[in-house]
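Remarks on the structure that follows.
Order of listing sets the numbers, starting from 1, for every ligand and every atom in it.
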Amino acid sequence: METLRRTMLFMPGNNPGMLQNAGILGADSIILDLEDAVSLTEKDSARILVREGIKAIDYSQVEVVVRVNPLDTEFGPQDVEMIARVKPDTLLIPKANEEGIGLVAQLLDKIEKEEGFTTGSIKIMALIETALGLENVYNIIKASSRVVGVLLGGEDLTADLGIERTKEGQEIFYARNKVATVCRALKVDAIDTPFTDINDYEGLEKDTAKAKGLGLTGKAAINPRQIETIHSVFAPTKAELKQALRILDAMEEAEKEGKGCCSLDGKMIDAPVIQRATCMVGQGIRLGLISDEVVAR
Ligand SMILES: CC(C)(COP(=O)(O)OP(=O)(O)OC[C@H]1O[C@@H](n2cnc3c(N)ncnc32)[C@H](O)[C@@H]1OP(=O)(O)O)[C@@H](O)C(=O)NCCC(=O)NCCSC(=O)C[C@@](O)(CC(=O)O)C(=O)O
Ligand SMILES: [Mg+2]
């Protein structure tokens, strides 16, 4: 079964209370942060706290992701060295570039061998948050077969571009498009940047819908109160599911008559429409919104 990543909830790695409850908040993935949410003086203690948390806390309901520091800082290699030994599901690499991903993959090869873990069991996600990283996203994903997804970092990216970050998000339109397209081409997840106003639910809903509409497959969250809104945007609606099932039924009937395309409510149904409907029904089944029996009826 593929990992579901509609929401990836960030939390500072130096906050024991947040780490304690992280597995039961309803997010698909949790990101225990050792990078920007942790001050320089707390880097070592946060690393130890995250390591001990992964060992002691039952996180079986969620994907456990640790955001390590960049590999070209004094903290990054130590983070990978210590955290990989307690086998998180995934490491998130900030300010990602090809060399950094390659280096992490090599370190993981070595650690997995030493620890007796299956080779390749620890996955990598690339945080794309620089102009160079964005332009290189294809090669960054290709740098290791461990890469399962990309997270777009809108705050750092706009800082690197020297432009303002707005709620409307027109300044990251190209980045969202590029990340979504390349991720789809390489069949990895494309996760949207967090929406930072934790009290603006309407804004969050609009922002998530915008990202989904451009092809992103999930969204980072920074507060548990954001999870429900994001999940509701990423779930197909009842009306969408009903229409997808009608399309599949209509096509089945047409095929019985030897036709390769047909029409429903005056609109043409052909291969791409079927592909979209099949995908939506698959998602509905996966999220428990419809059953296999309904589809097979
Ligand atoms: C914003 C705020 C301080 C508000 O706190 P507040 O306490 O006012 O919130 P409340 O809603 O009142 O909390 C109610 C209860 O939920 C608990 N609770 C809250 N948040 C929780 C959480 N995240 N996980 C688990 N539990 C949580 C809380 O402990 C309390 O528990 P309890 O006391 O038991 O009732 C808090 O959410 C928070 O710290 N968020 C995470 C911040 C963070 O990780 N940032 C870095 C990552 S982003 C990033 O780096 C992106 C990027 O890379 C991308 C780019 O480039 O764009 C970049 O560079 O920017
Ligand atoms: Mg960042």
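- For atom 37 (O) of ligand 1, a protein heavy-atom neighbour is present inside the 4.0 Å cut-off.
- Judged by a 6.0 Å distance limit and a 45° cone about the ring axis, Lys87 is positioned over the six-membered ring of Phe117.
- The distance criterion of under 3.5 Å between nitrogen or oxygen atoms is not met by Ile198 with respect to ligand 1.
- Salt bridge status for Asp189 with Arg184: absent, with no side-chain N to carboxylate O gap under 4.0 Å.
- Closer than 4.0 Å to atom 58 (C) of ligand 1 lies at least one heavy atom of the protein.
- Of all the heavy atoms of Ile30, none lies under 4.0 Å from any atom of ligand 1, so neither backbone nor side chain is involved.
- Using a 4.0 Å cut-off between charged side-chain N and carboxylate O, Lys259 and Glu253 make no salt bridge.
- Protein heavy atom closest to atom 28 (C) of ligand 1, with residue, atom name and distance, is Met18 CE, 4.4 Å.
- Protein non-hydrogen atoms do not reach within 4.0 Å of atom 33 (O) of ligand 1.
- Counting non-hydrogen atoms of neighbouring residues, nucleotides and ligands closer than 6.0 angstrom, the NZ atom of Lys242 reaches no more than 12 such neighbours.
- A donor-acceptor pair shorter than 3.5 Å can be found between the side chains of Asn14 and Glu42.
- Distance remark: protein heavy atom present below 4.0 angstrom from atom 18 (N) of ligand 1.
- Taking the charged nitrogens against the carboxylate oxygens, Lys167 and Asp197 do have a contact shorter than 4.0 Å, which makes a salt bridge.
- Listed by chain and number, the protein atoms of type N/O/S under 2.8 Å from the Mg ion (ligand 2) are Glu129 OE1, Asp156 OD2; waters are omitted.
- Atom numbering of ligand 1 starts at 1 in the shown order; those under 4.0 Å from a heavy atom of Leu127 are 53 (O).
- With hydrogens and angles disregarded, a donor-acceptor distance shorter than 3.5 Å links the side chain of Thr181 to the backbone of Asn177.
- Counting heavy atoms under 4.0 Å from ligand 1, residue Asn15 does not touch it at all.
- Closest protein heavy atom to atom 10 (P) of ligand 1: Asn223 ND2, 3.7 Å.
- One N or O on the side chain of Thr217 and one on the backbone of Ala190 form a donor-acceptor pair closer than 3.5 Å.
- The contact set between ligand 1 and Leu25, taken as ligand atoms under 4.0 Å from a residue heavy atom, comprises 25 (C), 26 (N).
- At least one donor-acceptor pair closer than 3.5 Å links the side chain of Asp33 to the backbone N or O of Ala37.
- Shortest contact from atom 16 (O) of ligand 1 to any protein heavy atom: Pro224 CG, 3.9 Å.
- Looking at Asp156 against ligand 1, both its backbone and its side chain come within 4.0 Å, counting heavy atoms.
- A salt bridge links Glu112 to Arg146: at least one charged side-chain nitrogen sits closer than 4.0 Å to a carboxylate oxygen.
- Within the 4.0 Å cut-off (strictly below), no protein heavy atom is located near atom 14 (C) of ligand 1.
- At a threshold of 4.0 Å, the pair Asp207-Lys212 does not count as salt-bridged, since none of the basic side-chain nitrogens sits closer than that to a carboxylate oxygen.
- Of all the heavy atoms in Leu49 and Gly13, the pair that sits closest is CD2-O, 3.3 Å.
- Close contacts of ligand 1 with Gly153, meaning ligand atoms under 4.0 Å from a residue heavy atom, involve 54 (C), 55 (C), 56 (O), 57 (O).
- Taking a distance limit of 4.0 Å, we find that atom 50 (O) of ligand 1 is approached by some protein heavy atom.
- The nearest protein heavy atom to atom 24 (N) of ligand 1 is closer than 4.0 Å.
- Ionic pairing of Lys206 and Glu202 is present here: one or more N-O contacts between side-chain nitrogen and carboxylate oxygen are shorter than 4.0 angstrom.
- Proximity of Pro12 to ligand 1, defined as any heavy-atom pair under 4.0 Å, is shared by backbone and side chain alike.
- Contacts with ligand 1 closer than 4.0 Å are made by side-chain heavy atoms of Arg225 only, the backbone lying farther away.
- In terms of N/O distances under 3.5 Å, ligand 1 is approached by Gly154.
- Ligand-side atoms of ligand 1 in range of Thr193: 57 (O), range being under 4.0 angstrom from any heavy atom.
- Contacts of Arg67 with ligand 1, taken as heavy-atom pairs under 4.0 Å, involve the side chain alone.
- Contact annotation: for Glu155 versus ligand 1, heavy atoms closer than 4.0 Å belong to both the backbone and the side chain.
- Geometrically, ligand 1 and Ile222 share a nitrogen or oxygen pair separated by less than 3.5 Å.
- For Gln226 (side chain) and Phe195 (main-chain N/O), a donor-acceptor pair under 3.5 Å exists by modelled atom type.
- Atom 55 (C) of ligand 1 is flagged as protein-proximal [any protein heavy atom, distance under 4.0 Å].
- A salt bridge links Arg246 with Asp265: the closest approach of a Lys/Arg side-chain nitrogen to an acidic carboxylate oxygen falls below 4.0 angstrom.
- The protein heavy-atom contact nearest to atom 45 (N) of ligand 1 is Ala37 CB, 4.0 Å.
- Between Glu63 and Lys123, none of the side-chain N atoms (NZ, or NE/NH1/NH2) sits under 4.0 Å from a carboxylate O, so this pair counts as no salt bridge.
- Ion pairing of Lys95 with Glu35 is present here, as a side-chain N (NZ or NE/NH1/NH2) and a carboxylate O approach within less than 4.0 Å.
- Classification of Asp79 and Arg47 as a salt-bridged pair holds, one side-chain N sitting under 4.0 Å from a carboxylate O.
- The pair Arg176-Asp192 meets the salt-bridge criterion, since a charged nitrogen lies less than 4.0 angstrom from a carboxylate oxygen.
- In Ile31, neither the side chain nor the backbone holds a heavy atom less than 4.0 Å from any atom of ligand 1.
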